[in-house]
Amino acid sequence: MAPTGRAALLAALGSLPVGIWEPGWTGLLAVNAPLAVACACDYALAAPVRTLGLTRSGDTSVRLGDTADVTLTVTNPSRRPLRARLRDAWPPSSWTPGTETEASRHRLTIPAGERRRVTTRLRPTRRGDRQADRVTVRSYGPLGLFTRQGTHKVPWTVRVLPPFTSRKHLPSKLARLRELDGRTSVLTRGEGTEFDSLRAYVPGDDTRSIDWRATARQSEVAVRTWRPERDRHILLVLDTGRTSAGRVGDAPRLDASMDAALLLAALASRAGDRVDLLAYDRRVRALVQGRTAGDLLPSLVNAMATLEPELVETDARSLTAAALRTAPRRSLIVLLTTLDATPVEEGLLPVLSRLTQRHTVLLASVADPHVASMARGRGDVDAVYEAAAAAQAHTERDRTAEQLRRRGVTVVDATPEELAPALADAYLALKSAGRL
């Protein structure tokens, strides 16, 4: 079969190298002049790389698990056409494993004085900011024998936001909220409820809700209905200390806590309550205050995007002081932290009274579903020992939770998939009971 393309050219020019060096000789042993001339011409006809103009456009944020498109515009100002391969380098966590090569490499052909666009599709696997690295361009001559190569810095940042997977629970929680918000009357009354309306008495209504003055003015018994007060203050406190770094499934505990906080914030803002966020371990890692309902969720996801667990022990005393400064008036303080015995008993319990004497406190913790599966194991000796260890861990968490409840704290302990809806239900229960 006759050679074609570059192989045919090399066969015609000869396959000897451009030069061979032998020790002791004062020059080249042999030179293939036609091949040397062809390589020199090919190099000279390759478009220069250093003078290329590169600019970026495209997405600046993306939810974890979704894709982001970043477009690179390449301008060829030279008088020679550009035939090139381009590599748009990003951090490894910008793609799912095994897809980087295909996603980051592009072929380009740009006539002299024109421009072309290439799009790099990112699919990040971690939260945080992903910053573009270098753009490497390899320009080929028309024969493909020699190339010019250079790199360019073209800055761009894509912020990877929390995925907010629990938003699927929001419609059902909003329906429950509408029942509590006076659209469907409720007969509960507490310090967090206000008078809503009068309606006719039906058997089973609490007789303490009868409005005797209104009853005297009409021919039927009237009862008062109440609705939860609006404009309550809620402070979400994310513990970003070492216990939040423990992985449950494929993600740290901190990620499950953030997802639960987002669902609660979305629900509370629809209820007319004000929501703030404090992320703390030994210092403030993030603070979101005074946002309107429309701006709340974007502010929260942006603040959470760059949060990472810190491998330090959380200072419960300073965390409590920071929470009191952020919430000077009566509020619902939601602590998203651990239920492990040592951090709670040695850190939180000694300072908890400073919070409970002024605020309503709700503690939410991420439970490991693997512990529950271990507790059911009975197949062999190892499984029995694992079941005993799981039962002991479960008993310790129950004991810690009971200590918190005796001090007036509402405790939610659930797996990552169940934590967000369970926390939203606890908020609705407090609201319906008039404790906010």
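Keep in mind that the numbers below use all heavy atoms, side chains included, and drop hydrogens, waters and symmetry copies.
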Residues two or more places apart in sequence or in another chain: which of them pass side chain to side chain donor-acceptor pair (under 3.5 Å) with Arg63?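 With sequence neighbours excluded, Arg63 shows a side chain to side chain donor-acceptor pair (under 3.5 Å) to no residue whatsoever.
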With sequence neighbours excluded, what pairs up with Glu114 under the side chain to side chain donor-acceptor pair (under 3.5 Å) test?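 Result, side chain to side chain donor-acceptor pair (under 3.5 Å) vs Glu114: Arg116.
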For a 4.5 angstrom cut-off between non-hydrogen side-chain atoms, does [X] reach [Y]?
X      : Y      : value
Val248 : His370 : no
Leu236 : Leu238 : no
Ser257 : Val366 : yes
Val137 : Leu108 : no
Val49  : Gln149 : no
Thr157 : Thr60  : no
Thr125 : Thr96  : yes

How about [X]: does its [atom1] atom have over 12 heavy atoms from other parts shown lying under 6.0 Å from it?
X      : atom1 : result
Arg105 : CZ    : yes
Asp250 : CG    : no
His394 : NE2   : no
Arg247 : CZ    : yes
Arg126 : CZ    : no
Arg121 : CZ    : no
Arg406 : CZ    : yes
Arg167 : CZ    : yes

Would you mind checking if [Y] and [X] are paired as a salt bridge, meaning a charged N to carboxylate O distance below 4.0 Å?
X      : Y      : value
Arg283 : Glu310 : no
Asp133 : Lys153 : yes
Arg399 : Glu396 : no

Could you tell me which non-hydrogen atom of [X] sits nearest to which non-hydrogen atom of [Y], and how far apart they are?
X      : Y      : answer
His233 : Thr326 : CE1-O, 4.0 Å
Ser93  : Arg130 : OG-NE, 2.8 Å
Pro48  : Leu52  : O-CG, 3.8 Å

Residue pair [X] / [Y], side-chain donor-acceptor N/O under 3.5 Å:
X      : Y      : answer
Arg354 : Thr320 : no
Asp239 : Ser244 : no
Arg253 : Thr243 : no
Arg85  : Thr136 : no
Ser365 : Arg397 : yes

Ignoring hydrogens and angles, tell me if any N or O in the side chain of [X] forms a donor-acceptor pair with the backbone of [Y] under 3.5 Å.
X      : Y      : answer
Arg127 : Leu307 : yes
Asp259 : Thr165 : yes
Asp273 : Arg232 : yes
Thr415 : Asp368 : no

side-chain contact (heavy atoms from CB on, under 4.5 Å) partners for Arg56, two or more places apart: Val70, Leu72, Asp88, Trp90, Ala132, Val135, Val154, Trp156
Given side-chain hydrogen bond (donor to acceptor under 3.5 Å, both in side chains), test Arg358 with Ser331 step by step and report yes or no. CA-CA 8 Å; Arg358 187 187 305 179; Ser331 308; over 6 Å; no
Using side-chain hydrogen bond (donor to acceptor under 3.5 Å, both in side chains), reason through Ser299 and Arg291 one step at a time and then give a plain yes or no. CA-CA 8 Å; Ser299 299; Arg291 297 297 193 271; 3.0 Å; yes
Passing option when Thr410 is tested against Val334, Val361, Leu362, Leu404 for side chain to side chain contact (heavy atoms under 4.5 Å, CB included):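 For Thr410, the side chain to side chain contact (heavy atoms under 4.5 Å, CB included) test succeeds with only one of Val334, Val361, Leu362, Leu404, which is Leu362.
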